[in-house]
Amino acid sequence: MRWLASGLMLLAVTGLLLQCSPASTSAAEESEASTKIQLMTSLPIVWGEGASMETILSGTTEAAPIYTHWRGKYDISAVDSFEALDSSATDVVILAQPPAMDPADIAALDAWIRDGGKAIILTDPMLLWPTELSLGDTSRPLASGLLSPLLNYWGLELLAPDADGAGQVVLEFPEATITTVGIGTFKPLSGKSASHANCALSKANIIARCEVGEGRAIIIADADFLNDALWGDDVNEGTKMESRDARRLTDIFVADLIK
């Protein structure tokens, strides 16, 4: 992967970010349709921005392209609690800039992963998701990730982007290229030699791959790449490729976790 900002190459990242081969990804695709996913998010991707109970019940809401993609590919459901996670036969949990989590939910998620569960966690320290909702509206996507209790328990700290990372950034993976903004980084907490997880960071510290007991979590310091507004409106082949890649990135992670 290469990290570029304002058209300049900043650094090269090793294959630590993605360890799944084309063969393993292909094998995972065979079971994708039956992969059960629980999604917790504050992003307006399930019902669209400004959705109300009335519009939801009337069927006039419109899901974001990323959620439409997931719904067509997996057995996915949006949840606001992990109270029944243990008995749900869930394969993968996706946290995408989730709302403030109850301590009981954090404990339940940690215990579930520790017992062999798999999770993809997108936590953005500087979310730049456009919204017309007022600052006091509880439906607004969170401007900054609120997962410090869980990350700290696993020995990680989420850092806001520096000047180079605050603008538009292009991330190039072996099998995907995405555009995002305001990407953060992770750093190991000092004095965490006895951490409750074993986390390996990419050279750019953008992604952490954690072994948590018997389970695994892939943690990304960004969530803006799920916003289809960053995928472009042109119909040229380059835009088509980037749009497809933005959808595909989480697919790659899911395939890696369930292989």
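The model shown is predicted, which means the values in this text are computed figures rather than measured ones.
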In short, T41 meets A96 closest at the heavy-atom pair OG1-O, 2.6 Å
V92 vs Y74, test: side chain to side chain contact (heavy atoms under 4.5 Å, CB included). Steps then yes/no.
CA-CA 10 Å; V92 178; Y74 308 108; over 6 Å; no
V254: which of I258, I252, L257 passes side chain to side chain contact (heavy atoms under 4.5 Å, CB included)
I258
Check whether any side-chain heavy atom of L146 lies under 4.5 Å from a side-chain heavy atom of S42, and answer yes or no.
no
Are L156 and L201 close enough, and set up right, to give a side chain to side chain contact (heavy atoms under 4.5 Å, CB included), and what steps lead you there?
CA-CA 10 Å; L156 295 174; L201 301 182; 4.0 Å; yes
Correct closest heavy-atom pair for G182 and L128 would be N-CD1, 4.1 Å
I want to check something: taking the side chain as every heavy atom from C-beta on, are I178 and V170 in contact at a cut-off of under 4.5 Å?
no
Which heavy-atom pair separates V181 from D222 by the least distance, and what is that distance?
O-OD1, 3.3 Å
Between D75 (side chain only) and S34 (backbone N and O only), is there a donor and an acceptor less than 3.5 Å apart?
no
Looking at every heavy atom in both I207 and F253, which two are closest together, and how far apart are they?
CD1-CZ, 4.0 Å
Spacing of OG belonging to S77 relative to CH2 belonging to W70, to within rounding of 0.5 Å
12.5 Å
Determine which pairs satisfy side chain to side chain donor-acceptor pair (under 3.5 Å) with at least one residue from residues 90-99, sequence neighbours left out, and list them in order.
Q38-T90, S88-T90
Does anything in residues 82-118 form a disulfide bond (SG atoms under 2.5 Å apart)? List the pairs, not counting sequence neighbours.
none
Could you tell me whether D256 and R209 make a salt bridge, using a distance below 4.0 angstrom between a side-chain N and a carboxylate O?
yes
What I'd like to find out is whether the side chain of L151 reaches to under 4.5 Å of the side chain of I219, using heavy atoms alone.
yes
How far does CG of L158 sit from OG of S144, to the nearest 0.5 angstrom?
6.5 Å
How far apart are the closest heavy atoms of A89 and K36, and which atoms are they?
O-CD, 3.7 Å
Would you say that L109 contacts L150 through its side chain, given a criterion of any heavy-atom pair below 4.5 Å between the two side chains?
yes
Can you sort out the partners of E157 under side-chain contact (heavy atoms from CB on, under 4.5 Å), two or more places apart, ordered by chain and number?
L159, K187, L189
To the nearest 0.5 Å, what is the distance between CZ on R248 and OG1 on T177?
10.0 Å
Is any side-chain heavy atom of I113 less than 4.5 Å from a side-chain heavy atom of W154?
yes
Restricting to salt bridge (Lys or Arg N to Asp or Glu O under 4.0 Å), what partner residues turn up for D110, sequence neighbours left out?
R114
List for me each residue that meets side-chain contact (heavy atoms from CB on, under 4.5 Å) alongside P149, sequence neighbours excluded, and say none if there are none.
I106
Look up atom CG in D80 and atom CG in L39, then write down how far apart they are to the nearest 0.5 Å.
11.0 Å
T123: what forms a side chain to side chain donor-acceptor pair (under 3.5 Å) with it, not counting sequence neighbours?
none
Contact check, side chains of L122 and F225, non-hydrogen atoms, under 4.5 Å
yes
Before giving the answer on side chain to side chain contact (heavy atoms under 4.5 Å, CB included), spell out for I206 and F186 the whole-Å C-alpha distance, their side-chain angles and the decisive distance to 0.1 Å.
CA-CA 6 Å; I206 296 168; F186 297 108; over 6 Å; no
Measure the spacing between NZ of K118 and CD1 of I94 and express it to the nearest 0.5 Å.
14.0 Å
A204 and T185: which non-hydrogen atoms are nearest, and at how many Å?
O-CG2, 3.6 Å
Would you say D124's side chain and G145's backbone share a donor-acceptor pair under 3.5 angstrom?
no
Return the OG to CD1 distance between S202 and I220, rounded to the nearest 0.5 Å.
10.5 Å
Does L147 reach the side chain of P98, with side-chain heavy atoms less than 4.5 Å apart?
yes
Output all residues satisfying side-chain contact (heavy atoms from CB on, under 4.5 Å) with D102, sequence neighbours left out; order by chain, then residue number.
A104, D105
Would you mind reporting whether L226 and L43 have side-chain heavy atoms less than 4.5 Å apart?
yes
D86: what forms a side-chain contact (heavy atoms from CB on, under 4.5 Å) with it, not counting sequence neighbours?
W112
